[in-house]
Amino acid sequence: MFQSNLLAGRVILITGGGTGLGRAMALRLAELGAKMFLVARREGPLAQTAAEIRAAGGQCGHAACDVRDPAAVEASLVAAEQQFGRVDTLINNAAGNFIARTETLSPNAFAAVVGIVLHGTFHCTLALGRRWIAAKQPGTVLNIVTTYAESGSGFVVPSACAKAGVLAMTRSLAVEWARYNIRLNAIAPGPFPTEGAWSRLMPSQEYEEHARNSHPMKRFGRHEELANLAAYLVSDQSAYVNGECVVIDGGLWLRGAGEFNDLVDLPDSLWEAMEQARKRN
Ligand code: HXC
Ligand code: NAP
C-alpha cells in the first residue's frame, strides 16, 4: 500500500509504544523508514519492542516515563533528541482504562485515568509543540482516542471524559497551531484485541462472543489495519488533513446509532412475509 521509504527521515515518538496498538504502530512505522522512540512506564516491553525493530533493520530508542509527570516527559524528550537530533512526530497512544460502575469510583480512580490520557497527552503535546514553534520546524501529532469520545459511554466514564478532552485538544490545536505548520489528527479505534484492553474491558468469554456477533462485520480490528491508517495520517501524504478524527471500527458505532439497525437480526422469513403482505394490498 505504501512505498517502503514513506517515512524516511522522520523521528516518531510513541507513548505506550511497547505493547498492543502502540507496538503495532511502532513496528509498522519503522518498517516504512521512520526512526522510533518509545516511552511508557515499564522498561521490559519497551526494550523488547525496540529490539524487535532493530532486529528488522530499523532504528529505535526508548525511555521509561510516566506521562503524568511533565518532568519525566521532558527527560525522555531530551533522551530522544540526544539519540536522533530531534523529534518531528508524536503519537499520543498511552492510556489507562477499566470498566466499573461509576458510583463505585474513588477520586483517585478517576484521576488515574484522566491523568494518563488527558494530562499525559497535554504534557507530551506541549513539550514537543513548544520546541517545534521555537525552532520554526513543522510537526505532526496523532492522538489515539475512542469512538465514545464523541458519544460518551457508560461504565468507562473516566476514559470517556479524558478521551473527549483529547479530541477537543486535537481540534483546538489543529486550528491554533496550523500557522506554525503543526498538524494534529486523531484515530478513533473500535475493538482491537490487545492484552491491555481485553484484560480490563472484556468481563467474560461470553461478552467477547456477544461483542463479536453484534459487530456489523462480525470481527474485531486487525492491528495492521490501524497501523496503516496511522502511517497515512502521520505521513506527508495527508498534509491537508488537519483536526480530523478518523474512525476505524468496521461500522460499529453506526450500528449503535441507527434507529433501525437492530433489524439485522430480523429473519428472512419475516421480511418475506411482510413483502407478500405488501403485494397482496
Ligand atoms: C475501579 C479501579 C480499578 C477498577 C484501578 N482502580 N482499577 N477502580 N475499578 N477496575 C483504582 C484504584 O483502586 C486506585 O484508586 C486508582 O484506580 C489508581 O489505581 P492504581 O493501580 O494505583 O494506578 P496506576 O498504577 O496508575 O494504574 C492505572 C490504571 C491501570 C489505569 C488503574 O489499569 C493501568 O496501568 N492501565 C494501563 C493500561 C491500560 O489501561 N490499557 C487499556 C487501554 S484500552 P484508590 O482510590 O484505591 O487509590 C482503552 C480502550 C478503550 O483505552 C476502548 C475499547 C473498545
Ligand atoms: P495497552 O497495550 O494497554 O496500551 C496502553 C499503553 O500505555 C501501555 O503500553 C502502557 O505501558 C502505556 N501507559 C499506561 N499508562 C502510562 C503512563 N502513565 N505513562 C506512560 N505510558 C503509560 O492497550 P491498547 O489496547 O494497545 O491501547 C492503545 C491505545 O488505543 C489507547 O489509547 C487506547 O485507549 C486506544 N484504544 C484501544 C482500543 C482497543 O480495542 N484495543 C480501542 C479504542 C482505543 P506501561 O503500562 O508500561 O506504562
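Small disclaimer: the values here were computed from a predicted structure and weren't measured. Below, all heavy atoms of this structure are taken into account, side chains as well, without hydrogens, waters or symmetry copies. Just follow the structure's listing: the first ligand is 1, and inside any ligand the first atom is 1.
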* Asked: Hydrophobic cluster mates of L167, side-chain heavy atoms under 4.5 angstrom, ILVMFWY only, any path?
  -> none
* Residues R255 and D262 bridged, charged N to O under 4.0 Å -> yes
* Asked: Would you call E150 and R171 a salt bridge, taking side-chain N to carboxylate O under 4.0 Å as the test?
  -> yes
* Asked: Heavy-atom distance from atom 21 (O) of ligand 1 to the protein below 4.0 Å?
  -> no
* Indicate yes or no: at least one non-hydrogen side-chain atom of L252 is less than 4.5 angstrom from one of P191. => yes
* Asked: Does the separation of the ring centres of W198 and F192 fall below 6.0 angstrom?
  -> no
* Can you tell which part of R42 has a heavy atom less than 4.0 Å from ligand 1: side chain, backbone, both or neither? -> neither
* Asked: Can you tell me which residue and heavy atom of the protein come closest to atom 2 (C) of ligand 1, and the distance to 0.1 Å?
  -> F98 CZ, 3.6 Å
* Asked: Which is it for T146 and ligand 1 at heavy atoms under 4.0 Å: side chain, backbone, both or neither?
  -> side chain
* Structure fact -> Closest to atom 40 (O) of ligand 1 among protein heavy atoms sits N97 N, 2.9 Å
* To do: Output yes when R131 and E74 qualify as a salt bridge under the 4.0 Å nitrogen-oxygen rule, no when they do not.
  => yes
* Atom indices of ligand 1 within 4.0 angstrom of Y148 heavy atoms, with elements -> 51 (C), 53 (C)
* Asked: Under a 4.5 Å cut-off applied to non-hydrogen side-chain atoms, are N261 and E259 in contact?
  -> no
* Structure fact -> ligand 1 to A95, heavy atom cutoff 4.0 Å, flagged ligand atoms 37 (C), 38 (C), 39 (C), 40 (O), 41 (N)
* Amino acids in close contact with ligand 2, where any non-hydrogen atom sits under 4.0 angstrom away -> G16, T19, G20, L21, A40, R41, R42, C65, D66, V67, R68, N93, A94, A95, I116, I144, V145, T146, K163, P189, G190, P191, F192, T194, G196, A197, W198
* N92 and T125: side chain to side chain donor-acceptor pair (under 3.5 Å), yes or no, with the steps? -> CA-CA 8 Å; N92 285 304; T125 306; 3.1 Å; yes
* Could you check if a side-chain atom of V241 sits within less than 4.5 angstrom of a side-chain atom of L233, using non-hydrogen atoms only? => yes
* To do: Test side chain to side chain donor-acceptor pair (under 3.5 Å) on R10 and S235 and set out the steps.
  => CA-CA 9 Å; R10 295 287 283 275; S235 80; over 6 Å; no
* Relative to ligand 1, is T194 under 4.0 angstrom through side chain, backbone, both or neither, heavy atoms considered? -> neither
* What pairs with Q137 under side chain to side chain donor-acceptor pair (under 3.5 Å), at least two apart in sequence or on another chain? -> none
* Numbered atoms of ligand 1 (with element) below 4.0 Å of S106, judged on heavy atoms -> 15 (O), 45 (P), 46 (O)
* What residue and atom, counting heavy atoms only, is the protein's closest point to atom 25 (O) of ligand 1, and at what distance? -> R41 NH1, 4.0 Å
* Closer than 4.0 Å: a protein non-hydrogen atom to atom 48 (O) of ligand 1 -> yes
* To do: For atom 14 (C) of ligand 1, grab the closest protein heavy atom and report residue, atom and distance to one decimal in Å.
  => N108 ND2, 4.0 Å
* A109 contact mode with ligand 1 (heavy-atom cut-off under 4.0 Å) -> both
* Asked: Does atom 4 (C) of ligand 1 have a protein non-hydrogen atom under 4.0 Å from it?
  -> yes
* To which protein heavy atom is atom 44 (S) of ligand 1 closest, and what is the distance rounded to 0.1 Å? -> A197 CB, 3.6 Å
* Contact bool for atom 35 (O) of ligand 1 (protein heavy atom, d < 4.0 Å) -> yes
* Asked: What closest approach, in Å, do F37 and Q83 show between heavy atoms, and which atom pair accounts for it?
  -> CE1-OE1, 3.6 Å
* Asked: Considering only heavy atoms of A112, which atoms of ligand 1 have at least one such atom less than 4.0 Å away?
  -> 18 (C)
* To do: Using a 4.0 Å heavy-atom cut-off, say whether R68 meets ligand 1 through its side chain, its backbone, both or neither.
  => side chain
* **From R68, K163, M169, H123, residue fulfilling side-chain contact (heavy atoms from CB on, under 4.5 Å) relative to L118** => M169
* Which residue holds the protein heavy atom closest to atom 30 (C) of ligand 1, what is that atom called, and what is the gap in Å? -> R200 NE, 4.0 Å
* **side chain to side chain donor-acceptor pair (under 3.5 Å) against E209, all qualifying residues, sequence neighbours excluded** => R212
* Asked: Any idea which protein heavy atom is nearest atom 50 (C) of ligand 1, and the distance to it?
  -> L201 CD1, 3.6 Å
* To do: Begin from the C-alpha positions of N143 and T170 and carry the test side chain to side chain donor-acceptor pair (under 3.5 Å) through to its verdict.
  => CA-CA 7 Å; N143 292 329; T170 310; 3.0 Å; yes
* Do R41 and D66 sit within salt-bridge range, that is, some charged N less than 4.0 Å from a carboxylate O? -> no
* Asked: Counting heavy atoms only, which of G196, A40, P107, A94 is nearest atom 42 (C) of ligand 1?
  -> G196
* **Residue and atom name of the nearest protein heavy atom (relative to atom 31 (C) of ligand 1), distance in Å to one decimal** => G96 CA, 3.7 Å
* Asked: Quick one: does atom 12 (C) of ligand 1 have a protein heavy atom under 4.0 Å from it?
  -> no
* Asked: Taking the side chain as C-beta and beyond, is there a heavy-atom pair between S238 and R183 under 4.5 Å?
  -> yes
